[in-house]
Amino acid sequence: MPEETKPPLPPSPEGEAKPTAEKPAVPGGVKSTTSGSVQTDPNASTTKAEPAQPAAAKPAAPAAAAPPKPAAAGATPPAAPGAPAKPAAPPKAPVPTPVPWDSPMIAKLRGAYGSGIEPLSYLGQNYMIVDQSLIPEILQVLRNEERFDYCVDITAVHYPQREKQFEVVWVLYSFPRNERIRVKTLIKDGEAVPSSVPIWAGADWLEREVFDMFGIRFGGHPDLKRILLPEGWKGHPLRKDYGILQQDNEWVQINLGIESGQ
Amino acid sequence: MTPVATPFFFYLLSAIMLAGGILVITRKNAVHSALALIVTLLAQAAIYLMLYAPFVAGVQIILYAGGIMVLFLFVIMLVNIDRTMKERQFNSQWIIGLIAATALGGLFIAVYTKGPNIFPAQPLTIAEADNTQRIASLLYGQYMFSFEIASLLLLVAIIGAVVMAKKRI
Amino acid sequence: MADQNTLSPLDLETHDKTFLDANELVINMGPQHPATHGVLRVILRLDGEKVLGLECVIGYLHRGVEKIGEHRTYTMFNPYVDRMDYVAAVSNGLGYCEAVEKLLNVEAPPRAQHVRVILTELNRIASHQLWLGTHALDIGAITPLFYTFRDREEILKIYEKYCGARLTTHAFRIGGLQYETYAGFEKEVKNFLNFLKPKIDEYEELLTTNRIWVERTKGIGKISAEDCIALGVTGPVLRASGVKWDLRKAQPYANYKNFDFEIPTGQHGDTYDRYLVRMVEMRQSVRIIEQAVDALPEGPIMAKVPKVMKPPVGEVYHSIEAPKGELGYFIVSDGSTQPYRMRVRPPSFVNLQALDLMCRGQLVADVIAVIGTLDIVLGEVDR
Amino acid sequence: MNALIQYIESYLTSDKTPGAAGNMFWAFVYIMLVFTGLSVAVIAMNWLERKILAHMQVRLGPMRVGPHGLLQPIADALKLLLKEDIMPAEADSLVFWAAPFIVVLAAFSVFVVVPFGPQHAITDMNIGILFMLGVSSLSVLGIVMAGWASNSHYPLIGALRSSAQMVSYEVAMGLAVVSAILMTSLNASGTGTLSMIGIVEAQKAQGEWFVFKFFPLGLIAFFIFAVAMVAETNRAPFDLAEAESELTAGFHTEYSGFRWSLFFLAEYSAMIAVSSIAVTLWLGGWLRPFPNWLSGPAWSAIFSYVPGVTFLFFAAICFYNTARMPKHPYFRIQTLGLGAFGAVLGLIGLILFIPAVSFRIQDIFWFSAKVAGFMYLYIWYRGTFPRYRFDQLMKMGWKVLLPMGLGVLILTAGVALLQIKS
């Protein structure tokens, strides 16, 4: 079902139409202990999922939700979002929220940078949102004083609707302290971020991939060019405004010469 | 001493050598001339055999055909020879060539006319079987000193080659 | 560490320059090269036989898994995870399921965790066996390949009996397991372990004291501990350089904490040490599986997980010790049924970055050995 | 006409080789015998290598073409003959065409002097071993020509590498051979011999194989030769020339069809040639084990039965396998074939029991049994050893084997001198 992607996504980035692929349940000759509730559900075949509206009335999901016995998730296709609350749903667990994270290290950093950093902790994972101007310096400090000597990952997340569209994330780990934190900073589209290759040599390819996928330039990077996509590729795929079906642009036509029908 | 082979073989081998020799100097492609040279050397080894000198023939094959010619081919193949193929064959020293050719021709004619009395035909003394043993006793007996000098010379040559190639390794 | 990327074009056509007196030769290895473990192209700058530097060109197998992840619900994305590191599909699945479980603040029941540990460690053995076979083949020893693949076949049989698939097993579900273990699962795994122990000794007999093997691997592709940490290299490559760090011990997940096993480390960080480290890791995995099978508790295999998962808004980074190194998942949820951002931190991608440093000064024949010892899988590098 | 017959019979009684006895007819017969025997050996080697290597690697090897893959070599040969024989575009046609012939010439002409028995050799040159080394060094020329004529970089690099390897290992080989020949001179007259039959006679006269003479020295020389011969034929751990995992392909990549099979033939016959040199020099050519120690008529009778017994043993294996063949009608033809093959082997075994035949054949049997032992070694190396890197290979040739060869030579000479003095 080719589905034309709506250019501006609604604020809450609901995924657009997604073909609910009938996931064949292949028990593989398995003696399944969950008796009986694993057979494929004939009537819930590939329902034509309307464009996802939060309150879309989903075709009646098989209400035979077994009592809260460990029902194998199994074959019933995942319902479209916004399924009506099941009668026997357990009482809502308290929704976890980011809580401020405090530790001697934070106290020291706060002393140095005051309001520039905002340490939080979510589900036990500490991260700090750092002002864009502090970037090379605070990473340097973390690397040298706090001995976060292993840069696990550098990635980015694209929030088109915010006024600072990109959130660049550094995942750092310290061998001596066996501790992992994330450092995040918010930047506008088109702004550059100072490269952290001088701090961790491993950042080279990670930053090239972020540039390749998001278009965020890293100032001072030794060799900033695309890493996964071919040189002449136009556009950065992981941006939200880059449609998932939009892969046949002119690079494909020129180099592969296929007039793809999509 | 039963003759090793009929005179026919002698003429055949010498014809091969002559043809090989001419090919060596006339071929444009260096590799072809090297191969022609190998053919002449092998024919020469065969003639040694006819002269009841199997050891010398064996050494000839090992050293010349197996060793030196391989190095010739190495050098020819490593140095790019395409350029020489295109250049016009010029030869300005034909005067000296002519003089040398006439002198050599005169020498041949002289030997041919004087005939056998230059080389008195002596009966072959040593049996073909222990030819190698006799060479060994001569080499390590009477001519021991010159043998050592020759090997020293070779040693110097090897060291020179290594020193020249040193800067590149 | 940056090599200048202005590679001089291969100017062999001009006749006056033979390929021997050119001071620097650029050679292209791959992308269809028998020894590059998939579609990897390496541009080598050579001085005669010595490697001056090299640059990897990747992306031939890029399928855009992270983009697809943003358009699939959490359960639907599960099979994609197996296709990244297709050699160690089970551990990919474990990493993903645990990350989402952390997001949903759900804990898999003990029985599920035990079965998960058993299958993941079996997968580690299978991945190391495949690595050993192909690595030895690259260096010229033909026989180990057949031994390792014969033994790996037994593991694949266990997977097939458990979840129907051999390679991309899709064995785990978010919150636990899809299938209960088949009858005789414990006995079969135990038989396999007894079958495997002498076989690992067989591999060691063939290679460890084989003079030519030692000569081809000792001192090749050396990398120091500091360089490993700076480059973010993890897994057996890091341990072979002397860093005693393994996520299963450092930050235990899926109740690895109540199994005891050692972490092997090497001293020199060369190809031979990496070989030894991986062989010991295989033996340690056998130990873990034995303990897991003995202590397999009864009980449910699936936690209380809503059929339609809508994890609360927030983000989670969870990583496990895959056979190649630290495999991390950074999932950002916006409350809907689909992840807002699905980032996968593949070990092979980061380890491959160290190839340039490890091959400097080595010979061309050693580049093949070093690519083999890094144990990279291009499906994971390119995602 | 009867002069001719008389000429032929005259040779039968003589104890010299046809070449030495100047009998052209028998020399021609021997040449035919040796070369058909050699090509049968190459075909057998092809099958043996595939099967033995396969069984070392936990697999079965060719089973489909003929019973247990017995017709596989013939199928290969036929395929190679029918395959198109292409020549690269700007290849130097003359050199390209000549290269395989030179390599085959070098590999085959070594067999002129190989002593299968006291009078079972085509000829008995008095420079036997020198001739063999000389001719085997000619194959380097063929390889270099083949590499160069293919007109592309990788075969050229492969050719240069493999010829450099052969040249450097020839030196080590020569030294090992010299130390063996030195041992032949420990007889009364004090002069050794280069002729192959002479060497074996010397071993018989001295009552022990040269590999056991002056205990460690003979063995070390044998070891050097064994390693050098593997390198000389580009085999097993030294097969760097056609190492597919590296950049350079072998020198014979551009060859296909019949020309490639010539190289293949030359490689195997070179292997057989070089191992027959090793057998002659160190393992007492055609001498049966313990000729002097167990020398009574009873013992020689027992030893004369050994060839027959081995062939009967092979026949028994074939019949056992026919029994194990699955009963499916498709396999009936294969069981028949295997049964016939077993019957032929059994017949040969029985013929070998006839005293007249076994007396004459015995030498050839012992010689080829030892050479077969070497062939098994070649295959065993290929199964177990990884490949040497080129610089390690050259380093071992020049820095390990050469000094060892010199050392052994000097030591053997010293010990021999002491023995002569005493």
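Quick note on labels: first sequence line is chain A, next is B, and so on, each numbered from 1.
- When ring centroids are compared, D/Tyr378 and D/Phe374 stay outside the 6.0 Å threshold.
- In summary, C/Glu153 and C/Arg166 engage in a salt bridge, as defined by a charged side-chain N under 4.0 Å from a carboxylate O.
- For the pair D/Ile224 and D/Ala172, the tightest heavy-atom approach, listed with the atom from each and the gap, is CG2-O, 4.0 Å.
- Contact annotation for residues 269-281 of chain C against chain D (heavy-atom separation below 4.5 Å): no residues qualify.
- Of the two parts of C/Leu363, only the side chain, counted from C-beta on, holds a non-hydrogen atom closer than 4.5 Å to a non-hydrogen atom of chain D.
- Nearest heavy atom pair, residue C/Asp382 against residue C/Leu61, reads OD2-N, 2.9 Å.
- The ring of D/Phe263 has its center closer than 6.0 angstrom to the ring center of D/Tyr255.
- When the side chain to side chain contact (heavy atoms under 4.5 Å, CB included) test is applied to C/Lys197, the partners found at least two apart in sequence or on another chain are C/Asn194, C/Val286, C/Glu290.
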